[in-house]
Amino acid sequence: MKIDQIDTRQGTANRPQRSNGNCLPYSGVPFGMNYFTVQTNGSEGAWFFQPDTPRFEGIRLTHQPSPWIGDYCHLLLMGVQWQDPENRPDFSGNYRPSEATFNAHHLAIYDDHFNVQTELVPSTYGAIIRYDFQQLERAHHGLMIQLPDQGGFKYTTTGVQIAVSDYHGGEDPNLTMYIELTIPGFDPASSGYYDDQNGWHQVTTGDGHQLTLLLATTHETIDCHLATSYISAEQGHLNLSRLSAADLTSLKNVSAAQWNDYLSRVHHSRSSSGACADFLHLPLPPISVSTTVL
């Protein structure tokens with residue numbers, strides 16, 4: 001079996017009252033620092049995804065190990081169109097679950113509300129995300145990024161740097177994730193953010209609680225490179241530079257190869273009597289201890 005044959009939505013139809021696996025349809029690489037998944041209803045808290053719901057609120061960069069623990073240092077990304085930012089529009093979209101791709105190494109969603117095809121391929125420290133706006137109907141288009149708790153941002157010459165902190169009973173109340181994102185054709189003059197009272201601010205830097213960024217672009221198709229760090233913005237920038245030479249297709253092949261390396265260790269054979277037997281060959285690597293922080 002290859003990784004593109006596995007649909008990650010197995011075990012994801014869950015509610016607080018009823019568990020069918022308590023899984024989320026994660027896209028990421030083995031031992032990745034981040035994972036990405038569709039959000040269908042953020043008001044449901046830790047149960048923010050339902051596999052049969054056509055509502056699409058964006059792709060969530062997540063670190064949620066279990067709904068009973070909750071998420072931390074997460075954010076939401078979505079390709080959107082808008083007319084007048086002074087009047088905040090409804091940013092919820094719509095997609096057809098039966099036509100979407102949910103693989104561990106590749107996520108593909110067509111939002112027919114904002115007319116944008118979104119594809120994401122993960123890396124160890126980030127992802128490449130393609131937004132293809134197939135029909136422009138409003139004055140502006142680009143990315144919406146929602147920060148769930150305390151956060152801040154500043155524009156760069158190629159996009160934006162973001163810091164997001166959210167504390168949910170963990171050991172470090174100041175735990176912060178630093179993100180840098182490139183946006184081809186970035187248009188700062190048409191960009192800005194909403195505060196938690198829905199006030200619009202057309203500035204190049206800001207911080208506060210529950211910010212919603214609108215980052216405009218002049219291009220109809222953009223390949224955004226994203227990288228993160230828990231150390232510093234400088235480390236996030238370094239991680240981004242290591243991803244800058246990759247394109248969506250090449251990274252997709254690399255991510256698939258990483259998963260297929262593990263899947264290839266599972267062998268299926270049939271005995272002479274016709275009965276099936278599964279043999280699992282998982283050689284254990286030597287144990288090593290390192291104090292290096294990447």
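Each residue takes its place number in the sequence, starting with 1. As the structure is a prediction and not an experimental result, all values here were calculated from the model.
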For the hydrophobic clusters of this structure (ILVMFWY residues joined by side-chain heavy atoms under 4.5 Å, transitively), does one cluster hold both Leu120 and Tyr125?
yes
Can you confirm whether Gln235 sits close enough to Tyr230 that some side-chain heavy atom of one is under 4.5 Å from a side-chain heavy atom of the other?
no
Is any side-chain heavy atom of His237 less than 4.5 Å from a side-chain heavy atom of Thr156?
no
Tyr194 side chain near Leu214 side chain, heavy-atom distance below 4.5 Å:
yes
Treating Gln64 as the side-chain partner and Ile69 as the backbone partner, does any N or O pair qualify as donor plus acceptor under 3.5 Å?
no
Is it true that Tyr155 and Leu143 fall in one hydrophobic cluster, defined by side-chain heavy atoms closer than 4.5 Å?
yes
Verify side-chain contact (heavy atoms from CB on, under 4.5 Å) between Arg9 and Phe49, making sure each step is shown before the conclusion.
CA-CA 10 Å; Arg9 287 172 286 189; Phe49 175 79; 4.1 Å; yes
Evaluate the side-chain proximity of Gln258 to Val254: yes if any heavy-atom separation is below 4.5 Å, no if none is.
yes
Considering all heavy atoms of both residues, which atom of His225 and which atom of Leu240 are nearest to each other, and what is their separation?
O-CD1, 3.5 Å
Grouping I, L, V, M, F, W and Y whenever their side-chain heavy atoms are under 4.5 Å apart, do Ile145 and Ile179 come out in a common cluster?
yes
Does Val121 share a hydrophobic cluster with Ile129, counting links as ILVMFWY side-chain heavy atoms below 4.5 Å and allowing steps through other members?
no
Does Glu119 offer a backbone N or O that forms a donor-acceptor pair with the side chain of Arg130 under 3.5 Å?
no
Look only at the side chain of Asp195 and the backbone of Asn198, and say whether a donor-acceptor pair between them is shorter than 3.5 Å.
yes
Are Phe31 and Val29 joined in one hydrophobic group, where the rule is that I, L, V, M, F, W and Y side chains link up if heavy atoms are under 4.5 Å apart?
no
Evaluation steps, side-chain contact (heavy atoms from CB on, under 4.5 Å), between Asn34 and Leu226
CA-CA 11 Å; Asn34 313 286; Leu226 177 151; 5.5 Å; no
For a side-chain contact (heavy atoms from CB on, under 4.5 Å) check, start with the C-alpha distance between Ile183 and Ile222, then their side-chain angles and the critical distance, and finish with the verdict.
CA-CA 7 Å; Ile183 307 171; Ile222 55 175; 4.2 Å; yes
Run the numbers on Phe48 and His74 for ring pair (Phe, Tyr, Trp, His ring centres under 6.0 Å), then give the verdict.
CA-CA 13 Å; Phe48 55 80; His74 60 285; 7.7 Å; no
Do Tyr178 and Glu180 come close enough that some side-chain heavy atom pair is under 4.5 Å?
no
Just by distance, do the side chain of Asp132 and the backbone of Gln117 share a donor-acceptor pair under 3.5 Å?
no
Hey, does the side chain of Asp247 reach the backbone of Thr249 with a donor-acceptor pair shorter than 3.5 angstrom?
yes
Write down the atom of Ala100, the atom of Ile109, and the distance for their closest heavy-atom approach.
CB-CD1, 3.6 Å
Heavy-atom closest contact (Tyr26 atom, Thr37 atom, distance)
CD2-CB, 4.1 Å
Pairwise side-chain contact, Phe56 with His113, heavy-atom cut-off 4.5 Å (strictly under):
no
Verify, without hydrogens or angle tests, whether His63 (side chain) and Cys73 (backbone) share a donor-acceptor contact under 3.5 angstrom.
yes
Is there a side-chain contact between Pro25 and Val38, using heavy atoms and a 4.5 Å cut-off?
no
For Pro89 and Trp82, which heavy atoms make the closest approach, and how far apart are they?
CG-CB, 4.3 Å
How about Ser229 and Asn239: does a side-chain donor come under 3.5 Å of a side-chain acceptor?
no
Between Cys224 and Leu181, the two heavy atoms sitting closest are CB-CD1, 3.7 Å
Flag, side chain of Ser43 to backbone of Asn41, donor-acceptor distance under 3.5 Å
no
Any donor and acceptor pair, going by atom type alone, linking the side chain of Ser250 with main-chain N or O of Ala246 inside 3.5 Å?
no
Run the side-chain hydrogen bond (donor to acceptor under 3.5 Å, both in side chains) test on Thr212 and Arg88 for me, step by step, so that the C-alpha distance in whole Å, both residues' side-chain angles and the decisive distance to 0.1 Å come before the verdict.
CA-CA 10 Å; Thr212 299; Arg88 179 171 177 158; 3.3 Å; yes
Any side-chain donor-acceptor pair under 3.5 Å between Thr62 and Asp71?
yes
Salt bridge present between Asp4 and Lys2 (N-O < 4.0 angstrom):
no
From the list Arg60, Gln146, Arg55, side-chain hydrogen bond (donor to acceptor under 3.5 Å, both in side chains) partner of Gln39 resolves to Arg60
Quick check on Gln83: does its CD atom have over 12 non-hydrogen neighbours (other residues, nucleotides or ligands) under 6.0 Å away?
yes
Taking Thr12 for the side chain and Pro51 for the main chain, is one N or O donor matched with an acceptor at less than 3.5 Å?
no
Flag side-chain contact, heavy atom, 4.5 Å: Trp68 against Asn22:
yes
Between His219 and His141, which heavy-atom pair has the shortest distance, and what is it?
O-NE2, 2.7 Å
Taking it one step at a time, do Thr217 and Phe186 satisfy side-chain contact (heavy atoms from CB on, under 4.5 Å)?
CA-CA 4 Å; Thr217 177; Phe186 182 43; 6.0 Å; no
Taking Thr118 as the fixed residue, which of Tyr131, Tyr110, Tyr95 is the one that meets the side-chain contact (heavy atoms from CB on, under 4.5 Å) rule?
Tyr131
Does any N or O in the side chain of Asn14 come within less than 3.5 Å of the main-chain N or O of Asn20, such that one atom is a donor and the other an acceptor?
yes
Measuring from atom CZ of Arg242 to atom OG1 of Thr124, what distance do you get when rounded to the nearest 0.5 angstrom?
10.5 Å
